[in-house]
There are 2 protein chains.
Amino acid sequence: MDFYPVAIEKLIEEFAKLPGIGYKTAQRLTLHVLNLPREEVVGFAEALVKARGTIKYCSVCGNYTDSDPCSICSNPNRDNSTICVVEQPKDINTLEKVQEFNGRYHVLHGVISPMMGKGPDDINLKNLIKRINDELKEIIIATNPNVEGEATAMYISKILKPFGVKVTRIAHGIPVGGELEYADEVTLAKALEGRTEL
Amino acid sequence: MDFYPVAIEKLIEEFAKLPGIGYKTAQRLTLHVLNLPREEVVGFAEALVKARGTIKYCSVCGNYTDSDPCSICSNPNRDNSTICVVEQPKDINTLEKVQEFNGRYHVLHGVISPMMGKGPDDINLKNLIKRINDELKEIIIATNPNVEGEATAMYISKILKPFGVKVTRIAHGIPVGGELEYADEVTLAKALEGRTEL
């Protein structure tokens with residue numbers, strides 16, 4: 001039971017619904033908002049509604065977009081022969097920052113996880129199969145290197161085999177700038193396994 | 001440089017403006033919002049604008065309120081003989097939860113802090129002096145027990161002396177349920193100093 005006016009209580013509740021935001025943080029954010037210039041608060045509110053209202057999934061790759069198909073799928077300068085498969089739209093952002101990949105993307109919106117009750121039908125996989133054509137030469141699977149990510153990568157590669165398209169997996173190994181001493185055994189084993197000739 | 005549609009970028013920026021929210025958290029919150037039902041996002045936006053729009057400071061005590069004077073100042077069942085002085089509106093909430101104090105409050109909206117360039121004129125002190133009348137018997141200073149809070153308490157008590165009103169300070173000591181072993185020396189010294197007869 002708190003002793004704030006209703007409008008404050010309500011905003012604290014709204015903030016507390018966000019992931020990773022507890023009651024105390026929600027209270028702190030709310031009191032911060034009360035001290036902001038009114039137009040800034042209105043700007044924040046508009047950004048919320050606008051983001052939710054205008055952003056949809058790209059019908060081709062499943063990325064977030066404000067136009068369909070998304071800017072990557074509709075870019076004629078990108079390579080049609082490679083598709084990089086990622087778990088979430090934010091992974092596209094991460095990869096694009098590296099500026100190493102110029103192909104297309106495909107977003108699974110999750111991974112196969114029997115523990116969480118998520119099977120192959122719960123991820124955006126059927127649309128990936130529809131994208132296979134003569135132009136496509138390689139599918140790079142860039143799911144996260146954890147149990148679910150690996151299992152999903154395995155499953156997808158098995159499903160795609162019959163279509164005769166080359167399926168690759170991003171490399172595991174010691175991070176650049178890291179030290180052998182601090183690498184865990186599984187990473188080290190993967191680094192040895194994936195050694196390349198100099 | 002990121003590769004999100006403009007509406008997403010904008011919302012990430014807005015979240016990142018909030019205190020304690022970095023870019024990565026802002027990105028996570030934004031992607032969470034995109035997956036919420038539209039009416040929930042609108043509800044959040046409305047709560048923001050409404051809180052900022054309807055909440056003002058009580059002209060008597062300086063607390064946040066949607067009606068002026070606030071519910072505590074206008075409550076006839078509360079004791080006019082005591083005013084508890086706090087730093088922030090949230091401190092009123094904390095004290096009200098304890099249900100031990102039935103007097104009035106006064107919010108300073110800060111503390112005197114020469115380091116931060118905040119002097120006596122930068123806190124809500126003049127209005128406190130205006131509230132001194134024959135009915136008022138005691139002013140309890142409940143600023144935080146840190147350097148600025150203590151200095152502010154000292155300053156206020158000095159200012160109020162000439163008016164002949166009793167000025168008290170909340171007690172310092174070992175927290176209930178705490179252990180002597182883990183108390184710092186200053187707290188322990190204060191606990192000894194403030195000992196009471198059994």
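Chain identifiers are assigned alphabetically (A, B, ...) following the order of the sequence lines, protein sequences preceding nucleic acid strands; residue numbering begins at 1 within each chain. For the numbers below, each heavy atom of this structure counts, side chains included, while hydrogens, waters and symmetry mates do not.
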Tell me if the [atom1] atom of [X] is crowded by more than 12 foreign heavy atoms within 6.0 Å.
X: A:Lys50; atom1: NZ; result: no
X: B:Lys56; atom1: NZ; result: yes
X: A:Lys166; atom1: NZ; result: no

With a 4.5 Å cut-off on heavy-atom pairs, point out which of [options] contacts chain B the most.
options: A:Ser67, A:Ala47, A:Gly43; result: A:Ala47
options: A:Arg38, A:Arg28, A:Lys17; result: A:Arg38
options: A:Thr30, A:Thr25, A:Leu29, A:Ile72; result: A:Leu29
options: A:Gly53, A:Gly20, A:Ser71, A:Cys70; result: A:Gly53

Leading residue by heavy atom contact count with chain A [cutoff under 4.5 Å; candidates [options]]:
options: B:Val6, B:Ile8, B:Thr54; answer: B:Ile8
options: B:Thr94, B:Asn63, B:Val41; answer: B:Val41
options: B:Leu36, B:Ile92, B:Thr65; answer: B:Leu36
options: B:Ala7, B:Pro19, B:Ala45; answer: B:Pro19

Go through the atoms of A:Ile55 and report whether side chain, backbone, both or neither lie under 4.5 Å from a heavy atom of chain B. side chain
Of the backbone (N, CA, C, O) and the side chain (C-beta and beyond), which part of A:Ile21 lies under 4.5 Å from a heavy atom of chain B, both, or neither? side chain
Using a strict cut-off of less than 4.0 Å between a Lys/Arg side-chain nitrogen and an Asp/Glu carboxylate oxygen, indicate whether A:Lys10 and A:Glu14 qualify as a salt bridge. yes
Using 4.0 Å as the upper bound for N to carboxylate O, is an ion pair formed by B:Glu96 and B:Lys90? no
Between the side chains of B:Thr143 and B:Glu150, is a donor N or O closer than 3.5 angstrom to an acceptor N or O? no
Ring centres under 6.0 Å, that's the criterion: do A:Tyr64 and B:Tyr4 meet it? no
